[in-house]
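The figures here come from the full heavy-atom set of this structure, side chains too, leaving out hydrogens, waters and symmetry mates.
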Amino acid sequence: MLGTLIEKLRTAYGIRREELAAGICKIDMLKKYESEENEPEKLLADALLQRLGESPDEFFINLDAREYLLSKMRTWIQINLRQGRLEHAEAKIQEYAGQNGARSPLHCQFLQLMRAELLHRRQAPAAKQKEAILTGLRLTLGSKEITPELLNNRSFHLLELLLLERYAIILDITGECTSALIWYEKLIQYLTYIKRDSADLPKLYPLAAYRLAVRYTEVENYSAASLLIDRAIGLMTYTRNQNTLFIMLVELRLKISEKLGRSETYQQNELEHIRKIAEESNPFWHENFYPLYTERNICCVNYLILERRLFYDIRREDLVEGVCDVRTLERIEKGNSRLQKRIRKGLLKKLDLSWLKYNPGFITNCMDDYLKLKKIKRLYQMGRYREAESIRLELTERIEQNRPENRAFFVYWETILQFRLEHISKTECQHQLWTKLCKTAVAKQGKPLFSCHLMEYERNALLTILHESNEEEVVKLLPLLKAQYRCCFNLSSQITEPDFYQELLLNIIKIYLTQGELLRVDRFIMLGFKQICFCSKETIWDRLLFSKFCLEELKLQKRDKISKTASETSRWLKAARTFAELTGNNYICILLDDYIKNNQKNFSLKF
């Protein structure tokens, strides 16, 4: 499926194989990938998709144990850097460099990006940082001269663009302001007019926009600077890719307002509160403004096979029949055997799971169908359910439904769209979603518990049930949520699967608040601040701050021994109100405004 998609995208955009493969793989290998004869490794697949304007974040990715280990190591290097543990980060970089399969240009390019970040945090001379960046760029660009005109002539993958952005900033820092200004403008032009997937754009545009807006502000070109800032904040409000850069952009906007005589002292004071909260969570928070190379929705297929086999109580002898021998399965489950495509397909098919390495959500050989799937998701987010349902019905007529990916797609989207269009009741919607989930729910004393890793549509079904449940129904789901939370407790899992983890965290906080379990609420909120503030796609600060305010208000009402003064409640109220306004969370703004308007009386928890 991935190779077919790459070929269709390349053909649709008029990109030659030579251009797509330049610096990252041989043309003959690209032909084999496109014909599905071979599968590219993770970083290479990412680069090919990114050069075609697509993001790997849109896929649910099944990696074998070796590739999964490398992906986790990449995540941990960045976690250590973000937390200021530079010695640990350096050791991880060295360990990664010695791994089998980590010597290709893309792996080396990733390591150079990390070395550049390490040098930046150690405040190494700019010349050293520049050399690390240029070494990384030459790995895939070859001997080409690194000039802004390079952006006119070719497509780039994310690692190249992250290094080019750093290169422009280093020029700025070393006093080559004119060159830096040209680079910023070229980067903004490239990101604005060259097709980039919406999942990657927020990683790249805001920092270049911020640096260019700073330059425009210095020469009093406030209108151009404001346009850049508003565009960048708009992107980050939707995905909230990095809190540090988000607040830097807001502060620059406030500075421009002050220059134009429109002082906004209230927001400036409250932003300072938020900065203090962030620094309490992570002392190195203010350094985390460079974008990350994040990898989402990753699963180890070796562990998945073991977990689901045990979950369904299937003997090895029964699972391997017609696929491989028992000893091979034992080695696979231990991660000691490289999983061949044929064996992976056979084992996962018997477990009724997708056997694709990159699963886009459903299987089709038609490029238009893939684009229509993305359109359904976009229309659903916009509340245009009738249009989304029309496209779903069109796809239903054409796509084969004997594949597990397609069955999951049709069950999930048919159910939620029929519910949104009021063709079925909430009870019927939840019943159908539970039917979908029953394969991974084990009834223990009458309560469903998920004790294994959930796949894409299983997670979507669970989150939809949570969103549509009332307070009493959500409380009944607490054991289920805690079981899944324990599955995601590893910090690297929280980074690679942030959306699901954060929804679990928020719902657990919500339940404990309604039950008055104040100490537990406090613990989970602080976990959220510590883990979410430094690395996340969908940062939930506004909701965490609101939960913290609710907690302090309940403490105040109960006059609890662990409660501080009323000023603590006021502090969190201001922080929650400010950040909700900055991120456009109107619902929280209305709740807090009502609280203030009613003179803090008759307060009740609402989410």
Side-chain angles (χ1 to χ4, degrees), residues 42-43 46 56-57 61 63 65 67-99 102 107 109-122 132 136 158-159 162-163 166 202-203 207 239-246 277-300 303 453 485-502 504-505 524-541 544:
K42 173 73 169 58
L43 279 186
D46 287 0
D57 291 1
I61 305 169
L63 300 178
E67 280 200 89
Y68 184 75
L69 172 64
L70 290 174
S71 177
K72 288 292 184 181
M73 289 181 72
R74 290 192 290 270
T75 299
W76 274 108
I77 290 169
Q78 295 175 90
I79 288 172
N80 284 316
L81 286 168
R82 292 263 156 170
Q83 293 182 334
R85 301 189 320 213
L86 304 186
E87 290 76 16
H88 287 83
E90 187 172 25
K92 287 285 183 185
I93 289 170
Q94 294 301 324
E95 183 183 352
Y96 187 96
Q99 293 290 316
H107 287 281
Q109 192 167 64
F110 169 80
L111 289 173
Q112 285 303 119
L113 178 65
M114 295 301 101
R115 288 179 180 123
E117 176 68 9
L118 184 63
L119 290 168
H120 159 70
R121 287 177 181 264
R122 284 179 168 166
L158 186 57
L159 284 171
L162 291 173
L163 286 164
R166 281 177 177 267
K203 300 173 188 174
L207 182 57
T239 60
R240 297 171 218 167
N241 190 265
Q242 292 170 281
N243 288 330
T244 307
L245 184 54
F246 181 80
I277 293 165
E279 285 164 10
E280 288 171 9
S281 306
N282 180 3
F284 303 95
W285 176 85
H286 61 283
E287 296 181 35
N288 296 336
F289 56 85
Y290 276 113
L292 292 157
Y293 187 82
T294 49
E295 300 175 70
R296 307 293 186 204
N297 305 320
I298 296 169
C299 177
C300 178
Y303 181 67
H453 188 92
Y485 181 81
R486 284 192 290 272
C487 290
C488 296
F489 194 77
N490 182 280
L491 187 54
S492 61
S493 296
Q494 294 161 23
I495 304 311
T496 56
E497 302 167 28
D499 304 338
F500 184 57
Y501 164 74
Q502 290 172 15
L504 291 174
L505 181 69
F524 276 98
I525 287 173
M526 296 321 294
L527 271 175
F529 280 133
K530 287 178 181 178
Q531 294 161 1
I532 289 167
C533 70
F534 65 85
C535 177
S536 177
K537 176 190 172 188
E538 184 71 26
T539 310
I540 54 169
W541 261 48
L544 274 178

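The shortest distance between side-chain heavy atoms of His107 and Leu70 falls below 4.5 Å. Between Asn80 and Leu86 the shortest side-chain heavy-atom distance does not fall below 4.5 Å. Counting heavy atoms from C-beta outward, Glu117 and Arg166 have side chains that approach closer than 4.5 Å. Side-chain contact check for Ile93 versus Gln112: every heavy-atom pair is 4.5 Å or farther apart.
In this structure, CD in Gln99 is found 5.5 Å from CG in Leu69, a value given to the nearest 0.5 Å. Atoms CG and NZ, from Leu245 and Lys203 in turn, are 14.5 Å apart once rounded to the nearest 0.5 Å. Atom CD1 in Ile298 sits 9.0 Å away from atom CG in Asp57 (nearest 0.5 Å). In this structure, His120 NE2 and Glu287 CD are separated by 6.0 Å, a value rounded to the nearest 0.5 Å. To the nearest 0.5 angstrom, Leu113 atom CG is 10.0 Å from Tyr293 atom OH. To the nearest 0.5 angstrom, Met114 atom CE is 7.5 Å from Leu292 atom CG.
Between the side chains of Tyr96 and Lys92, not a single donor N or O lies within less than 3.5 Å of an accepting N or O.
For the pair Gly136 and Gln109, the tightest heavy-atom approach, listed with the atom from each and the gap, is O-NE2, 2.9 Å. Contact record, Pro291 with Leu207: CD-CD2, 3.7 Å, taken as the closest heavy-atom pair. Among all heavy-atom pairs drawn from Glu295 and Ser71, the shortest one is OE1-OG, 3.5 Å. Contact record, Cys300 with Ala65: SG-CA, 4.0 Å, taken as the closest heavy-atom pair.
For Tyr290, there are no side-chain hydrogen bond (donor to acceptor under 3.5 Å, both in side chains) partners two or more places apart in sequence or in a different chain.
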Item to check | Evaluation steps, side chain to side chain contact (heavy atoms under 4.5 Å, CB included), between Asn288 and Arg121 | outcome: CA-CA 10 Å; Asn288 296 336; Arg121 287 177 181 264; 2.4 Å; yes
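The environment of CZ in Phe289 is crowded: more than 12 heavy-atom neighbours from other residues, nucleotides or ligands sit within 6.0 Å.
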